[in-house]
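Here is the structure we will look at.
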Amino acid sequence: MTKRSALKRQSRDMAREGVFDTRQFSEDAKVRRLPTHAGWSPYPSNDDRDQSYMKTLKPKSDGQAELMEAIDTHNMALALGPAGTGKTYLAVAKAVEALEAGKVGRIVLSRPAVEAGESIGYLPGDMEDKLAPYLRPLYDALSDRLSMKRVKALMAEGLIEIAPVGYMRGRTLNNAFIVVDEAQNCTYVQLKMLLTRLGWHSTMVVTGDPQQSDLLPSLSGLSDIAERLEPVSGIAVVRLAEQDIVRHPLVASMIGVL
């Protein structure tokens, strides 16, 4: 390599990596020490970052703060509220937080596979393929807190389990963080079955919007279950409202008139 080429490469490296002290490396050195006083740093100077890329979860409303406190202080919490209040996201994020901290041994996510105008029998594939679209929101929430590669690895190890409601009967869930999503699409009997799956050293969070049930109004059991469990000590029932909606502002406007 000519001297001119070496100087050109050295200038390019200095522009990319910052200004070096020539005493840090010799002319033919292959390994160079990066400077600590200049260059790009992965640590931002402020905390105004998108929450989806933060490991520390922060509430964006008083209702969300109440829900997060209820999950931390109760073994069972019910979160009822309109769409966009962060019920599922907060529940899954708390589950990931507990798993990463070693507070629980696994995460169990359950969701009813209720048809909303579509027929599940016409979807291609086997049973798992047919149920995948109904469980997709749980995968989205998980991948927002963990990388999809890590989610797949944890699922392969059995540390994260995603199952429809119908597969939960007869089980006892010990040392687990259980999230029951879209509970408004469960009947009273189904919810009673799910709530009684709670085992030792476990936490269960039930989320749903009683106003958006895909069942007949007389079949959904979420409202009835919440009213019966509200006076029970050790169980927290958190009711979120329109002011807790964190999606597009039009969502809050629509919820008020629809």
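Along the sequence shown, residues carry numbers from 1.
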Closest heavy-atom contact between M168 and R197?
O-CD, 3.3 Å
So V165 and M193, do their side chains get closer than 4.5 Å, heavy atoms only?
yes
Working to the nearest 0.5 angstrom, can you tell me the gap between Q184 CD and D181 CG?
8.0 Å
Does the side chain of T85 pick up a donor-acceptor pair with the side chain of D244 at under 3.5 Å?
no
Any side-chain to backbone donor/acceptor pair from K87 onto G81? Under 3.5 Å, distance only.
yes
Roughly how far apart are L80 CG and I225 CD1, rounded to 0.5 Å?
11.0 Å
Can you tell me how far apart CD1 (I245) and CG (L250) are? Round to the nearest 0.5 Å.
11.0 Å
Atom pairs and distances, donor-acceptor, side-chain atoms in residues 150-163, under 3.5 Å, two or more places apart:
from: R150; atom 1: NH2; to: E100; atom 2: OE1; distance (Å): 2.7
from: E161; atom 1: OE1; to: R171; atom 2: NH2; distance (Å): 3.0
from: E161; atom 1: OE2; to: R171; atom 2: NH1; distance (Å): 2.6

Please report, to 0.1 Å, the donor-acceptor pairs under 3.5 Å made by any side chain of residues 226-236, with sequence neighbours excluded.
from: R228; atom 1: NE; to: D224; atom 2: OD1; distance (Å): 3.1
from: E230; atom 1: OE1; to: R239; atom 2: NH2; distance (Å): 3.1

Taking side chain as C-beta onward, heavy atoms only, is L198 less than 4.5 Å from I178?
yes
Please enumerate all residues that pass side-chain hydrogen bond (donor to acceptor under 3.5 Å, both in side chains) together with S110, with sequence neighbours excluded.
none
Checking side-chain polar atoms at under 3.5 Å, does Q64 have a donor or acceptor matched by the opposite partner on E66?
no
To the nearest 0.5 angstrom, please state how far the CG atom of N175 sits from the NZ atom of K103.
13.0 Å
Does N75 use its side chain to pair, donor to acceptor, with the backbone of S202 at less than 3.5 Å?
yes
